[in-house]
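First the proteins, then the strands, lettered A, B, ... as listed; each starts at 1. Bear in mind the structure is a predicted one, so any value in this text is a computation, not a measurement.
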Amino acid sequence: MPSRLESITQQRLEKLQRLRDSGIDPYPHRYRRTHTVQQAVALFERTERAGRLPQRRLALAGRIAASRDMGKACFVDIRDGTGKIQVYFRLDVLGAQSYSLAKELDLGDIIGVKGHLFRTRSGELTLEAQELHMLAKSLQPLPEKWHGLVDVEKRYRQRYLDLISNPQSREVFHKRSQIIAAMRRFLHDQGFIEVETPVLQPAAGGAAAQPFITHHHALDQDLYLRIATELHLKRLIIGGFDKVYEIGRIFRNEGISTKHNPEFTTLESYQAYADYHDVMRMVETMVSAIAQEVLGTTQVSFGEVTIELAPPWPRKSLREEIEERCGLDFLAYEDPASLRRAMLEIGVEVEETASPSHLVDKLISSLVEPNLMQPTFLLDYPVEMSPLAKRTPYNPRLVERFEAFAAGMEIANAFTELNDPLEQRERFQMQERWRTQLGDQEAERVDEDFLLALEYGMPPTGGLGVGIDRLVMLLTGQQSIREVILFPQLKSKPPF
RNA sequence: GGGCCGUUAGCUCAGGGGUAGAGCACCUGACUUUUAAUCAGGGUGUCGAAGGUUCGAAUCCUUCACGGCCUACCA
């Protein structure tokens with residue numbers, strides 16, 4: 001006995017053969033449509049308002065999303081990239097031969113139809129087809145029309161089915177595109193130029209993370225996929241591009257969760273002669289401008305809460321914020337071991353081998369981050385966890401760095417960039433010591449090539465990193481990063 | 001990595017020791033303005049996989065695979 005799947009496919013294959021036998025190419029090379037669905041609707045509504053009867057014959061094309069067969073007439077809904085419209089086939093209009101083709105249509109087939117528009121008795125705008133062409137025969141059944149595709153794994157593995165059957169999913173990715181376009185416009189209007197820097201690097205730096213490793217055969221050399229775009233963009237500031245940005249994919253060889261995908265997209269921007277206060281103003285202005293442009297509002301819903309993105313966002317000292325949350329002043333501890341003991345007392349456990357940079361980070365991620373629903377800037381981080389940022393004038397143990405939080409997520413990270421090449425070398429060396437002594441695989445390495453660039457002189461600079469995927473989550477109300485990445489990373493499955 | 005939950009027809013889901021079920025989709029027939037079309041008929045399946053318990057396993061047990069959520073690490 002053939003399986004269920006094979007028998008369906010067999011039925012479709014027989015239909016396919018019948019099409020070919022009757023001289024119809026089921027996969028023609030092109031179809032000249034005159035209008036998209038959206039354009040057709042707009043055209044009809046214009047003529048309707050002008051009190052005229054639409055005369056013009058239109059050619060539309062799309063995938064069959066539903067069909068209602070009435071015997072000697074039938075209705076199908078077709079969908080293209082712009083919308084859905086009903087098509088009406090009549091035996092007496094179409095003729096026996098074309099009508100028999102219409103009767104053979106399956107949900108999922110892609111067709112072209114030519115005819116004119118009218119309104120049915122119930123007022124639905126409909127194209128009465130005088131011609132019908134098969135543009136691509138579908139051999140697989142589509143998910144159910146009413147519930148759509150629900151199976152989460154299938155939605156991610158076969159995203160095209162998700163997009164065909166779930167309008168909400170189409171909407172999220174459409175918005176993602178608009179968000180990134182709005183971001184580019186904003187940066188362009190501010191005088192930033194967009195650049196591209198290498199993904200393949202001899203050493204991965206610019207962030208605390210483990211890289212993916214690969215190998216170049218011709219060079220016979222190991223290369224790393226970038227974990228940040230930071231160090232190359234600063235080289236461009238040194239090169240005299242005063243405002244640069246890159247929107248690009250970066251790769252981190254770490255865990256996967258609702259907030260983490262191994263490859264994700266960041267915006268990094270660098271502005272000469274600016275500090276982190278200037279960058280703060282830019283972030284709050286940019287995010288609210290994007291929301292206004294794409295969503296038409298600066299208020300977004302996220303789970304149970306409504307988030308107001310209009311500037312100004314509150315600025316709070318990281319040190320005071322942590323002290324408010326748990327009574328612990330991280331500056332009161334001179335060495336990592338005593339801070340670690342104090343954290344243990346308030347129930348925050350950290351591994352024995354954790355490097356100093358991990359300690360405060362742990363306090364932030366467990367106590368602060370989940371509680372910051374409204375957009376908030378936290379300012380001035382410990383120097384140990386920010387090897388690329390400049391110290392504050394008022395306390396050498398802190399750097400001019402901020403992170404922006406919203407919806408319980410970190411969405412941006414920025415600092416006044418360290419431009420003293422000798423101090424930068426010392427900071428790298430401190431990181432290198434953690435790597436060798438504490439086994440901190442995420443510590444920065446001494447990057448001689450970057451240090452050489454710094455030695456030529458980098459102007460005072462404000463730098464910024466924004467997690468685009470998380471920003472899209474925030475603006476579309478999605479609770480999982482997989483809902484805003486078209487093809488999220490999943491474990492491979494054995495073939496069917 | 002740890003914990004909990006899930007995997008049954010193409011899709012959405014019931015069924016929890018005794019012949020494999022429903023709706024949609026699909027197939028056959030009727031119907032020339034339907035729209036979750038309607039009406040009559042048809043079940044198309046490796047119950048995620050492999051072992052085990054049992055007279056008998058979709059159901060109970062073990063292991064494994066994949067996924068979801070929480071947790072740990074990171075952004």
Side-chain angles (χ1 to χ4, degrees), chain A residues 1-12 14-15 65-77 84-94 99 106-108 118-126 128 139-158 161 164-166 207-210 227-228 250-266 349-351 354 357-358 361-362 364-366 369 403-405 409-413 441-442 465-471 473 479-482 488 490-494 496:
Chain A
M1 280 295 282
S3 76
R4 161 99 182 109
L5 180 65
E6 283 163 350
S7 78
I8 288 287
T9 303
Q10 196 54 46
Q11 285 169 345
R12 296 273 177 125
E14 285 164 9
K15 280 190 177 178
S67 84
R68 295 170 290 281
D69 185 353
M70 311 264 312
K72 295 189 178 62
C74 66
F75 293 89
V76 304
D77 296 335
K84 193 169 86 170
I85 194 167
Q86 178 168 263
V87 178
Y88 183 36
F89 296 116
R90 289 172 61 111
L91 173 59
D92 54 1
V93 172
L94 213 49
Y99 194 77
D106 288 305
L107 294 189
F118 74 106
R119 282 202 189 276
T120 63
R121 217 173 265 164
S122 55
E124 173 139 357
L125 183 54
T126 301
E128 185 176 81
L139 299 180
Q140 291 287 353
L142 289 178
E144 196 213 358
K145 61 185 172 189
W146 195 238
H147 299 90
L149 184 64
V150 173
D151 184 306
V152 177
E153 183 175 356
K154 199 152 281 186
R155 288 183 48 234
Y156 297 157
R157 288 191 196 275
Q158 293 179 275
L161 293 181
I164 287 171
S165 52
N166 297 328
Q210 291 195 56
I227 57 174
I250 65 176
F251 308 85
R252 298 191 181 175
N253 204 341
E254 284 151 7
I256 296 176
S257 79
T258 49
K259 295 190 172 68
H260 302 83
N261 195 61
E263 49 184 304
F264 61 106
T265 304
T266 58
E349 288 183 39
V350 193
E351 289 163 37
S357 71
H358 281 108
D361 194 51
K362 176 75 189 178
I364 297 171
S365 60
S366 59
E369 183 169 1
E403 291 186 311
F405 297 88
M409 297 183 288
E410 180 196 330
I411 59 167
N413 175 28
Q441 294 303 303
E442 295 168 357
V466 176
I468 301 257
D469 311 275
R470 290 184 178 178
L471 181 64
M473 287 168 69
Q479 313 260 356
S480 168
I481 200 167
R482 297 180 200 102
L490 296 181
K491 211 163 174 175
S492 301
K493 236 181 167 176
F496 302 97

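Across all strands shown, A/D106 has heavy atoms under 4.0 Å from sugar-phosphate atoms exclusively, and none from any base. Residue-level contact check: A/G465 touches neither bases nor backbone, having no heavy atom under 4.0 Å from any strand.
Judged by distance alone, the side chain of A/E254 and the main-chain N or O of A/Q210 form a donor-acceptor pair under 3.5 Å.
For the P atom pair drawn from B/rC11 and B/rG45, the interatomic distance equals 13 Å after rounding to whole Å. The separation of B/rC5 from B/rG43, taken at their C1' atoms, amounts to 31 Å, rounded to a whole angstrom. Nucleotides B/rA36 and B/rA30 are separated by 25 Å at their P atoms, to the nearest Å.
Taking 4.5 Å as the limit, every side-chain heavy atom of A/K15 sits out of range of all side-chain heavy atoms of A/Q11. Between A/T258 and A/R482 there is a side-chain heavy-atom pair separated by less than 4.5 Å.
Residue A/Q11 has its side chain nearest to B/rC26 when only B/rG67, B/rC26, B/rC24 are considered. Among the nucleotides B/rA37, B/rC70, B/rA75, the one closest to the side chain of A/D361 is B/rA75.
Protein atom CD of A/E369 is 12 Å distant from nucleotide atom P of B/rU71, rounded to whole Å. Computed from coordinates, the A/Q10 CD to B/rC26 P distance equals 18 Å when rounded to whole Å. Note: CZ (A/R157) to C1' (B/rC66) measures 6 Å, nearest angstrom.
Between B/rA75 and A/K259, no contact under 4.0 Å exists linking OP1 or OP2 to a side-chain N or O. Within the 4.0 Å cut-off from OP1 or OP2 of B/rG48, not a single side-chain nitrogen or oxygen of A/K154 is found. Taking side-chain N and O atoms only, A/K491 has a distance below 4.0 Å to OP1 or OP2 of B/rC66. Residue A/R68 places none of its side-chain N or O atoms closer than 4.0 Å to OP1 or OP2 of B/rU34.
The aromatic ring of A/F75 does not sit over the base of B/rA37; the criterion of centres under 5.5 Å apart with planes under 30° is not met.
Classification of A/D92 and A/K72 as a salt-bridged pair fails, no side-chain N sitting under 4.0 Å from a carboxylate O.
Each of A/S366 and A/R119 lies near RNA chain B, and the nucleotide nearest A/R119 is the one positioned closer to the 5' end.
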